[in-house]
Amino acid sequence: MSNVYHVPVMLKECIDALSIKPDGVYVDVTFGGGGHSREILKHLGPKGRLFAFDQDPDALENTIADERFTLIHQNFRFLKNNLRLNGVKEVDGILADLGVSSHQFDAADRGFSIRFDADLDMRMDQVSDLDAKKVLNTYAEEDLHRIFGMYGEIMNAKSLAKTVVTARLSAPIETVAGLKEVIRKLVPKGKEHKYHAQVFQALRIEVNKELEALQEFLLQTVSTLKPSGKLVVMSYHSLEDRLVKNFMAKGKFKGEVEKDFFGNEIKPFQVITRKAITASEEELSTNNRSRSAKLRVAEKMGL
């Protein structure tokens with residue numbers, strides 16, 4: 001299953017950025033098809049350890065039979081507690097490949113993709129009771145306006161929210177095709193694909209609480225990484241990238257870097273990538289998902 005599950009983006013760049021020590025302890029917080037994890041294991045010696053996280057039950061089928069490897073079926077927002085349950089307090093490197101896997105997009109019944117008609121689901125964790133249908137059919141108009149505007153960066157978010165709320169009075173919005181039909185008159189001509197993608201992104205981020213989970217995860221990396229440990233994060237849209245960039249540069253998500261009494265900056269990381277790394281022309285031609293990927297790397301400051 002793993003061969004077709006997901007083609008890892010910027011694999012070499014991610015592995016190089018981790019600067020893997022053969023006897024080190026590493027974490028892949030977005031296991032998916034296991035592409036990045038398998039490559040990390042190739043660089044580890046007999047005493048090295050790799051822990052991986054994934055909340056999607058489908059990803060568990062890709063687990064790796066290797067005594068150095070442990071797959072934890074949890075959202076990465078629970079990073080620190082789960083590592084401690086496994087007897088680990090500090091690690092040498094953490095890798096996060098954010099967003100949706102190719103498998104999730106390609107599995108029609110998951111409702112992630114605008115390409116297929118399916119129930120509006122979009123849950124990465126199939127146990128959660130909040131899905132896209134529930135968001136569309138129960139959220140207040142002002143909340144839908146906020147979600148479409150903030151998470152989808154949709155220009156006519158207010159009109160979109162009003163249209164959804166009006167339509168659901170007649171019948172619940174339950175399928176991809178049904179949603180497309182409801183919003184058809186709002187979609188800019190010639191930009192249908194982009195508009196639908198923005199709507200789906202907004203719903204997916206809300207359903208999975210992606211930005212809240214990302215912030216919780218990033219905050220935990222400070223105490224989880226050893227001094228000189230590497231934080232390697234790949235994001236696929238500006239909302240995620242902004243959070244990652246600010247956190248690596250300042251140790252916080254907004255505002256200025258804190259300073260001590262003498263004016264010295266107090267921040268947990270040294271940024272390694274002043275500018276985000278993007279995929280090579282060769283990779284862009286073979287892996288379409290790499291087109292929007294931005295890779296950022298930071299090193300935990302020493303004591």
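- Ionic pairing of Lys230 and Glu299 is present here: one or more N-O contacts between side-chain nitrogen and carboxylate oxygen are shorter than 4.0 angstrom.
- A cation-pi arrangement is absent between Arg49 and Tyr26, since the terminal nitrogen or guanidinium carbon is not both under 6.0 Å from the aromatic centre and inside a 45° cone about the axis.
- Surrounding NZ of Lys209 are more than 12 heavy atoms belonging to other residues, nucleotides or ligands, all under 6.0 Å away.
- Considering CD of Glu90 and NZ of Lys80, their distance stands at 9.5 Å, rounded to 0.5 Å.
- No side-chain heavy atom of Asp131 sits under 4.5 Å from any side-chain heavy atom of Met122.
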inquiry  = Determine whether Val165 and Tyr139 satisfy the following criterion, side-chain contact (heavy atoms from CB on, under 4.5 Å), listing intermediate values before the conclusion.
reply    = CA-CA 9 Å; Val165 171; Tyr139 274 33; over 6 Å; no
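- In this structure the side chain of Ile266 never reaches within 4.5 angstrom of the side chain of Lys259, judged on heavy atoms.
- Inter-residue side-chain proximity for Glu283 and Ser290 is flagged as met; some heavy-atom pair is nearer than 4.5 Å.
- Looking at every heavy atom in both residues, Ala249 comes nearest to Val257 through O-CG2, 4.0 Å.
- Residue Lys294 places its NZ atom among 12 or fewer non-hydrogen atoms of other residues, nucleotides or ligands, all under 6.0 Å distant.
- A salt bridge links Asp121 to Arg123: at least one charged side-chain nitrogen sits closer than 4.0 Å to a carboxylate oxygen.
- By the neighbour-count criterion of 12 heavy atoms within 6.0 Å, atom NZ of Lys162 is sparsely surrounded, having that number or fewer from other residues, nucleotides or ligands.
- Salt-bridge check for Glu258 with Lys267: failed, with every basic side-chain N at 4.0 Å or more from each acidic carboxylate O.
- A 4.5 Å side-chain heavy-atom check between Asp97 and Cys14 finds every atom pair outside the cut-off.
- Classified by interplanar angle (parallel below 30°, tilted 30° to 60°, perpendicular above 60°), the ring pair Phe247/Phe253 is parallel.
- When atom types are taken as modelled, the side chain of Arg68 and the backbone of Leu41 share a donor-acceptor pair closer than 3.5 angstrom.
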